[in-house]
**Q** 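The structure that follows is given in the form of structure tokens.
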2 protein chains.
Amino acid sequence: MTSQAESRGSRDQGLHAHLLAALGPAITAGEFPPGTVLRTDELADRYEVSRTVVREAVRVLESMHLVESRRRVGVTVLPTEAWNVYDPQVITWRLAGADRPRQLRSLTMLRSAVEPVAARLAAELATPEECAELTEHALGLVRTSRGEQLPGYLVHDIAFHRVILRASRNEMFARLGDVVAAVLTGRTEHEVMFRDPRQAAVTLHVQVAEAVREGDAATAERLMRTITEDAMAELDVLAP
Amino acid sequence: MTSQAESRGSRDQGLHAHLLAALGPAITAGEFPPGTVLRTDELADRYEVSRTVVREAVRVLESMHLVESRRRVGVTVLPTEAWNVYDPQVITWRLAGADRPRQLRSLTMLRSAVEPVAARLAAELATPEECAELTEHALGLVRTSRGEQLPGYLVHDIAFHRVILRASRNEMFARLGDVVAAVLTGRTEHEVMFRDPRQAAVTLHVQVAEAVREGDAATAERLMRTITEDAMAELDVLAP
DNA sequence: CAACCTCATTACGTCATACGTATTCAATAG
DNA sequence: CTATTGAATACGTATGACGTAATGAGGTTG
């Protein structure tokens, strides 16, 4: 065993996480085309870890359906269709990779399918506390809608949509909060958004908060549909 | 090492899969309340496998956010909010467990959010081959809509919705094919469906196939929305 | 000549052991 | 009563050995 201190790599969460952080992005980025076979020993040698660590990382990749391990064959990279594209880890890796635009488009489409329904449910089921949160974040959007306050705007935007999804009282919807956060963050980071958030969007958010507070499900859904469709349109304009 | 043949357990995919098949359902069923600590040695002893195997299984559970492994503490069961509820494995486990009704409701709601949008996209993007498949499965539904042919009906129903989701050309939507299959299968298995599939549903499916073939996006979306809302209503009637 | 069977090879699967290390909790000193 | 120290603990990692199934070469057979 060499000094085993490792130059740096990842002090975060263990060697297996380090390996995952190396293999996951590489696979999702297509550096290993589907059908590529990786050997455990080779990986252990390449990344200077024991086979134990490699096997644990492979097990995780396998649970994400990124690879398949077969005896006497090796660890085979699976085609995209097999991947667990809802796994937050996979989403993160892909958003950081080459096919980011395609990924962003898929996720935005998912948003535009789910969020309007979530808004309708929220209007029917939101607690007073959640209504208050919505109003607060809507006001936050108004405050940060002008000038160089994109980071602040982003925080309120994410929080607003998280509350909507959570207030829908649907587990599956609530879990998309992370996805929405990733999409919105990505949009801001890559300046796939005008420097001054459009006032129309801000107004719509305020109105959604109102509709939810008043229990107007139909209006909440319609307004949210407008918001997400605008997001889709924005993407169509600024991406191939 | 004892005889190590194991009464049966799972010859399917290795010992670690066996362990997963035991721990996953137990955790998702709430047999280990959040905060419960499991020790690897204890698990290894209890299931008569080596610590290596336990660790690999734990890594997978960890990637699903069902548990968290911390030094000197053990493997802690995480609260439901942390779980990867989109993981097909987790979905399967939960559908087989106690809170099946709640799970079925959440998933059906997700369907009713996504499938109408998918139908709209399908009407715009479906290939001639996919249109043919849709028509074929719609006819299959008609043929099996009466008498004791629920299994046959189910096959065509699942296939139909899979084609719609695939034809939407959206990765995230396409991946929900398994979810829809699980929901429809569950509905049939538990007789949460009338013995004779309703004729109205069959007609709607035929009309969706038509709308997609003719590229009538608005109609396809509207019809599919009716289908999924009927599914929700059905659930409301037959479940608390 | 083609189809089938045999068997050595290979790389994953599992086990056992040893040691490293972060974390916790209790005992002690101030 | 607070703060520091230190021993116990359970996970993290490495290593070496062996089991086992899948593969493909090579020989056998119809």
Side-chain angles (χ1 to χ4, degrees), chain A residues 1-23 27 32 34-78 82, chain B residues 1-23 27 32 35-78:
Chain A
M1 160 189 359
T2 58
S3 74
Q4 202 59 35
E6 195 63 26
S7 57
R8 176 88 355 113
S10 68
R11 187 58 43 85
D12 31 296
Q13 211 168 339
L15 293 185
H16 96 101
H18 175 200
L19 228 194
L20 265 182
L23 289 179
I27 293 174
F32 302 105
T36 305
V37 233
L38 309 169
R39 259 120 33 172
T40 313
D41 299 306
E42 184 183 310
L43 291 174
D45 180 54
R46 181 174 182 73
Y47 291 94
E48 293 180 315
V49 292
S50 68
R51 255 183 63 210
T52 311
V53 171
V54 174
R55 292 178 96 306
E56 287 177 17
V58 167
R59 280 284 110 83
V60 174
L61 293 174
E62 208 172 31
S63 85
M64 297 170 175
H65 289 86
L66 293 185
V67 304
E68 183 191 35
S69 180
R70 281 169 54 196
R71 272 186 152 139
R72 158 67 182 170
V73 172
V75 178
T76 312
V77 176
L78 294 176
Chain B
M1 142 183 28
T2 59
S3 74
Q4 203 57 35
E6 195 63 25
S7 57
R8 177 78 5 102
S10 69
R11 186 58 42 85
D12 29 298
Q13 211 168 337
L15 292 185
H16 97 101
H18 175 199
L19 227 195
L20 265 182
L23 288 179
I27 294 174
F32 302 106
T36 305
V37 252
L38 310 169
R39 263 122 32 183
T40 45
D41 297 309
E42 185 182 311
L43 291 173
D45 180 54
R46 181 174 182 72
Y47 291 94
E48 295 182 310
V49 293
S50 68
R51 251 184 67 203
T52 311
V53 171
V54 174
R55 293 181 95 293
E56 288 177 16
V58 167
R59 280 283 112 82
V60 174
L61 292 174
E62 210 172 29
S63 84
M64 297 171 175
H65 288 87
L66 292 186
V67 303
E68 183 191 36
S69 180
R70 281 170 53 197
R71 270 185 152 139
R72 159 67 190 186
V73 172
V75 178
T76 312
V77 176
L78 294 176

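Throughout, a chain's letter reflects where its sequence line sits, starting with A, and its residues are numbered from 1.
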**Q** Using the side-chain heavy atoms of A:L15, tell me which of these nucleotides is nearest: C:dC15, D:dA14, C:dC12.
**A** D:dA14
**Q** Calculate the interatomic distance between A:D45 atom CG and D:dT15 atom C1'; express it in whole Å.
**A** 15 Å
**Q** Taking all non-hydrogen atoms of both residues, which atom of A:F32 and which atom of A:I27 are closest, and how far apart?
**A**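 For A:F32 versus A:I27, the nearest heavy atoms are CD1-CG1, 3.9 Å.
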**Q** Could you run down the sub-3.5 Å N/O contacts of the protein with nucleotides 6-10 of chain C?
**A**
from   : atom 1 : to    : atom 2 : distance (Å)
C:dT10 : O4'    : A:R72 : NH1    : 2.3

**Q** To the nearest 0.5 Å, tell me how far A:H18 NE2 sits from A:L15 CG.
**A** 8.0 Å
**Q** B:R71 has an atom CZ; how far is it from atom P of C:dA22, in whole Å?
**A** 6 Å
**Q** Drop me the distance from B:T36's OG1 to B:L78's CG, to the nearest 0.5 angstrom.
**A**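 These two atoms lie 11.0 Å from each other.
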**Q** C:dC12 P sits how many Å from A:R51 CZ, rounded?
**A** 7 Å
**Q** The criterion is side-chain hydrogen bond (donor to acceptor under 3.5 Å, both in side chains); which residues satisfy it with B:R59, sequence neighbours excluded?
**A**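 Listed in chain order: A:H16, A:E56, B:E62.
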**Q** Taking only N/O atoms, report every protein-nucleotides 4-7 of chain D pair under 3.5 Å with atom names and distance.
**A**
none

**Q** Would you please name every residue forming a side-chain contact (heavy atoms from CB on, under 4.5 Å) with A:A44, sequence neighbours left out?
**A**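 A:A44 satisfies side-chain contact (heavy atoms from CB on, under 4.5 Å) with A:R51, A:V54 once adjacent residues are dropped.
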**Q** If you take any heavy atom closer than 4.0 Å to DNA chain D, which residues from residues 36-43 of chain B end up in contact?
**A** B:L38, B:R39, B:T40, B:D41
**Q** Just jot down the side-chain hydrogen bond (donor to acceptor under 3.5 Å, both in side chains) partners of A:R46, sequence neighbours excluded, or say none.
**A**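 Partners of A:R46 under the side-chain hydrogen bond (donor to acceptor under 3.5 Å, both in side chains) test: none.
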**Q** Can you give each donor-acceptor pair under 3.5 Å made by side-chain atoms of residues 63-74 of chain A, sequence neighbours left out, with the distance rounded to 0.1 Å?
**A**
from  : atom 1 : to    : atom 2 : distance (Å)
A:S63 : OG     : A:V60 : O      : 2.8
A:S63 : OG     : B:S63 : OG     : 3.1

**Q** To the nearest angstrom, how far is A:H16 atom NE2 from D:dC11 atom C1'?
**A**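 It is 12 Å, rounded to the nearest whole Å.
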**Q** Taking only heavy atoms on the protein side, list every residue of residues 55-70 of chain B lying under 4.0 Å from any atom of DNA chain D, sorted numerically.
**A**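 Contacting residues: B:R55, B:R59, B:S69, B:R70.
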**Q** On DNA chain C, does the nearest nucleotide to B:V73 precede the nearest nucleotide to A:V75 from the 5' side, or the other way round? Give the residue.
**A**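 Nearest nucleotide further toward 5': that of A:V75.
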**Q** With a 4.5 Å cut-off on side-chain heavy atoms, are B:L61 and B:L23 touching?
**A**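 Answer yes - side chains close enough.
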**Q** Could you check how far CD of A:Q13 sits from P of D:dT13, rounded to whole Å?
**A** 10 Å
**Q** Just the rounded figure in Å: distance from P of C:dT14 to CG of B:L19.
**A**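 It is 10 Å, rounded to the nearest whole Å.
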